[in-house]
Amino acid sequence: MPDDIDLDDAMDAVRQGRVRVTGRTQAIALLLHGGRATELQPKRFRDISYLRMLPFASAVRRVSRGRVAPVLVHNTHGGWVAQSGSGVVQARELVRRLHAEYDLPIVLLGHSSGGGRRSAPDARSR
């Protein structure tokens with residue numbers, strides 16, 4: 001983690017949607033929206049980058065027949081590829097927290113900056 005990033009502050013910028021894990025759930029899909037790299041994102045329900053991901057969440061749930069639980073998150077601090085590296089820290093921490101709570105495999109599904117390689121946790125974060 002970059003030394004100049006406070007984890008608590010970085011995670012305050014992330015709003016995680018509800019996780020619906022049932023007896024059928026075999027994995028969790030973390031959905032990361034795209035967006036601006038240097039500016040604050042609009043509020044969640046006014047942010048087209050976030051809203052664009054809503055159909056993906058429904059599709060994941062429907063196509064997997066409930067075996068994959070989609071989790072849509074909103075990052076208000078400049079998307080997932082901010083120069084500071086905070087998006088990488090946030091994505092890794094989300095994966096760590098979800099895995100610790102549910103002990104299920106976590107997959108990432110992202111659009112634009114949310115799908116960038118820099119967002120993906122590396123093997124050391126497992």
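FYI, the numbering just counts along the sequence from 1.
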Shortest non-hydrogen separation from [X] to [Y] and the atoms involved:
X: Ala69; Y: Thr25; value: CB-CG2, 3.9 Å
X: Ala29; Y: Val60; value: CB-CG1, 4.1 Å
X: Pro70; Y: Arg61; value: CG-NH2, 3.6 Å
X: Leu104; Y: His99; value: O-CD2, 3.2 Å

Practice task
Going by the side chain to side chain contact (heavy atoms under 4.5 Å, CB included) test, name the single residue among Leu109, Leu32, Ile28, Ile106 that passes it with Val71.
Solution key: Ile28

Problem - Partner of Leu98 by side chain to side chain contact (heavy atoms under 4.5 Å, CB included), out of Val19, Val21, Asp103 - result: Val19

Handout entry: Side chains of Val95 and Leu108 in contact at under 4.5 Å (non-hydrogen atoms)
Key =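 Heavy-atom side-chain distance check passes, below 4.5 Å.
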
Handout entry: His33 NE2 to Leu72 CG distance, which is reported to the nearest 0.5 Å
Key = 8.0 Å

Exercise for the section: To the nearest 0.5 Å, tell me how far Glu101 CD sits from Arg96 CZ. Expected result: 11.0 Å

Exercise for the section: Find out if a path of hydrophobic residues (ILVMFWY) with successive side-chain heavy-atom gaps under 4.5 Å connects Phe56 to Leu51. Expected result: yes

